[in-house]
Peer 1: 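Okay, handing you the structure first.
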Amino acid sequence: MNLLDKLKINHRPKSGALDLLKYIGPGLLVTVGFIDPGNWATNLAAGSTFGYALLWVVTFSSIMLIIIQHNVAHLGIVTGLCLSEATNRYLPRRLSRPILASALLASISTSLAEILGGAIALRMLFGMPIKVGATIVTVVCLALLLSNTYNKIERWIITFVSIIGLSFLYELFLVDVDWGQAVAGWVKPTFPENSMLIVMSVLGAVVMPHNLFLHSEVIQSREWNLEDEAVIRKQLKYEFYDTLLSMVIGWAINSAMIILAASTFFKEGVAIEELDQAQRLLIPLVGGNAGVIFAAALLLAGVSSTITSGIAGASIFAGFHDEPYNAGDLHSRVGILLSFLPALLLIFLIGDPFEGLILSQMFLSVQLPVTVFTQVYLTSSRKVMGAYANSRSTTVLLVALGAMVTAMNVGLLVQIIMNN
């Protein structure tokens, strides 16, 4: 039996709900980026300042994310290439090199925010200095990435996401939630006075450059493009279920953050501006256990999102060399280090964690349009995708969403600059 035959056996799906479970995982890795420490900050600010009114933003952003992430996953399934490899292969070097270089800088910016989130959680739990906590988070994530395969990483991430979700479910049982207002908030768009900055923050933080590289990378590692047409079409369907399930989980966890803030801080008239403040105020309002669980969940979110940022950075750097991510390969290992070490150095230089988060968000706002429109170009090209290229209506929809995300991020960037 030759290698191709073995691959067909390994990748050929069977029918049934249990078989679908084999294909759950790539979307959950992306979900981590949807519940990273930056999202925590914006969600808590939304709930504490405007109550349940901005829950619709989470609903809308989740729908938008499903469409964009589903599209980039198709690239990996059909071509067997991740976004960085396809960019390197199908765009001229004068374009591909700057695009990938900016994407790598975006991965560093993302790692900075994620490592900071984990460090803030360690400060909450143990009173640990930010720089010490950041070093510990970096070392732990390096160890996990350099010693594990994709399957093991996915198990870690699924475990982390599950614990984070259960943590917020537990905390919701401790507070008095007005579910009528919550349901109305999910489906009825409203724009309370002075809410636009928070609306743009929540929406703008959803689609992140590194998650687009990450999703295509994890999907292409399955090598479904080696199969026949029937199998590829089945994988496209399974991938949609994976993305849909994962984004719904992300929607539920982000919604829980806003509901928790609305049911506690908003009722007390307290607007949350920093994660430490939220943890301190939860203790007298809900109880000591809630404060500890909040900090522990933040730590898990920081570690898991740092891991996914490292994979994305490695995938981007490997793409420079027309290679997929492989934790045992030199280029991938260098990519992980390039994502983490400059971020850790910046944390030491900046000093103020809040300023670090602002700087990272500013760069992501600038880079995101580059990645989104590169993706749309590649998935709309028949040279790249063949018969699976985007239809004209899909391309128009993706361009419209890309323009919307760009406008929101530019608006957020302007607001940040004006406020500072």
Side-chain angles (χ1 to χ4, degrees), residues 24 27-48 52 55 58 62 113-128 133 136-137 140-141 144 153-177 179 182 186 202 205-206 245-267 270 272 274-308:
I24 301 300
L28 286 174
L29 288 173
V30 177
T31 300
V32 171
F34 195 16
I35 55 173
D36 73 323
N39 285 83
W40 283 52
T42 55
N43 289 331
L44 292 173
S48 64
Y52 303 95
L55 278 169
V58 177
S62 300
E114 319 303 32
I115 292 170
L116 269 177
I120 291 171
L122 288 174
R123 184 171 67 183
M124 291 178 184
L125 290 168
F126 308 110
M128 192 176 293
I136 291 174
V137 171
V140 168
C141 291
L144 288 173
I153 292 291
E154 285 182 10
R155 293 190 196 106
W156 277 101
I157 297 299
I158 291 172
T159 301
F160 287 168
V161 171
S162 300
I163 294 174
I164 293 168
L166 291 173
S167 298
F168 277 101
L169 183 63
Y170 168 78
E171 294 197 336
L172 286 183
F173 276 111
L174 300 179
V175 299
D176 184 19
V177 178
W179 289 107
W186 271 317
V202 175
V206 168
L245 172 63
S246 301
M247 298 307 108
V248 168
I249 292 172
W251 167 84
I253 294 176
N254 279 283
S255 295
M257 294 181 197
I258 294 180
I259 292 172
L260 177 65
S263 303
T264 52
F265 308 127
F266 181 72
K267 282 185 177 180
V270 177
I272 297 299
E274 294 185 7
L275 293 173
D276 299 68
Q277 180 190 16
Q279 192 258 359
R280 289 195 306 268
L281 292 175
L282 270 179
I283 295 174
L285 292 175
V286 183
N289 288 341
V292 173
I293 290 173
F294 177 90
L298 176 60
L299 177 60
L300 292 175
V303 170
S304 53
S305 59
T306 302
I307 290 172
T308 59

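Counting begins at 1 with the first residue of the sequence.
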Peer 1: Please identify each residue that fulfils side-chain contact (heavy atoms from CB on, under 4.5 Å) with V140, with sequence neighbours left out.
Peer 2: I136, L144
Peer 1: Could you grab the distance from atom CD1 of I35 to atom CZ of F160, nearest 0.5 Å is fine?
Peer 2: 11.5 Å
Peer 1: Return the set of residues passing side-chain contact (heavy atoms from CB on, under 4.5 Å) with S62 (not counting sequence neighbours), or none when no residue passes.
Peer 2: F34, V58, W251
Peer 1: Could you tell me which residues satisfy side-chain contact (heavy atoms from CB on, under 4.5 Å) with A301, sequence neighbours excluded, listed by chain and number?
Peer 2: W40, I164
Peer 1: Kindly indicate whether the side chain of I258, heavy atoms from C-beta on, has any atom under 4.5 Å from the side chain of Y52.
Peer 2: no
Peer 1: Step by step, would you call C141 with V303 a side-chain contact (heavy atoms from CB on, under 4.5 Å)?
Peer 2: CA-CA 7 Å; C141 291; V303 170; 3.9 Å; yes
Peer 1: Hey, what do you get for CG (L300) to OG1 (T159), rounding to the nearest 0.5 Å?
Peer 2: 10.0 Å
Peer 1: Just jot down the side chain to side chain donor-acceptor pair (under 3.5 Å) partners of S48, sequence neighbours excluded, or say none.
Peer 2: none
Peer 1: For residues M257 and N39, determine if any side-chain heavy atom of one lies less than 4.5 Å from a side-chain heavy atom of the other.
Peer 2: no
Peer 1: If you compare all heavy atoms of F168 against all heavy atoms of I253, which two are closest, and at what distance to 0.1 Å?
Peer 2: CD1-CG2, 4.3 Å
Peer 1: Would you compute the distance between atom CG of L298 and atom CD1 of I293 and round it to the nearest 0.5 angstrom?
Peer 2: 13.5 Å
Peer 1: Using the side chain to side chain donor-acceptor pair (under 3.5 Å) criterion, which residues pair with S167? Sequence neighbours excluded.
Peer 2: none
Peer 1: Using 0.5 Å steps for rounding, measure from the CG atom of D36 to the OG1 atom of T42.
Peer 2: 8.0 Å
Peer 1: Does F266 have any ring pair (Phe, Tyr, Trp, His ring centres under 6.0 Å) partners at least two apart in sequence or in another chain, and if so, which?
Peer 2: none
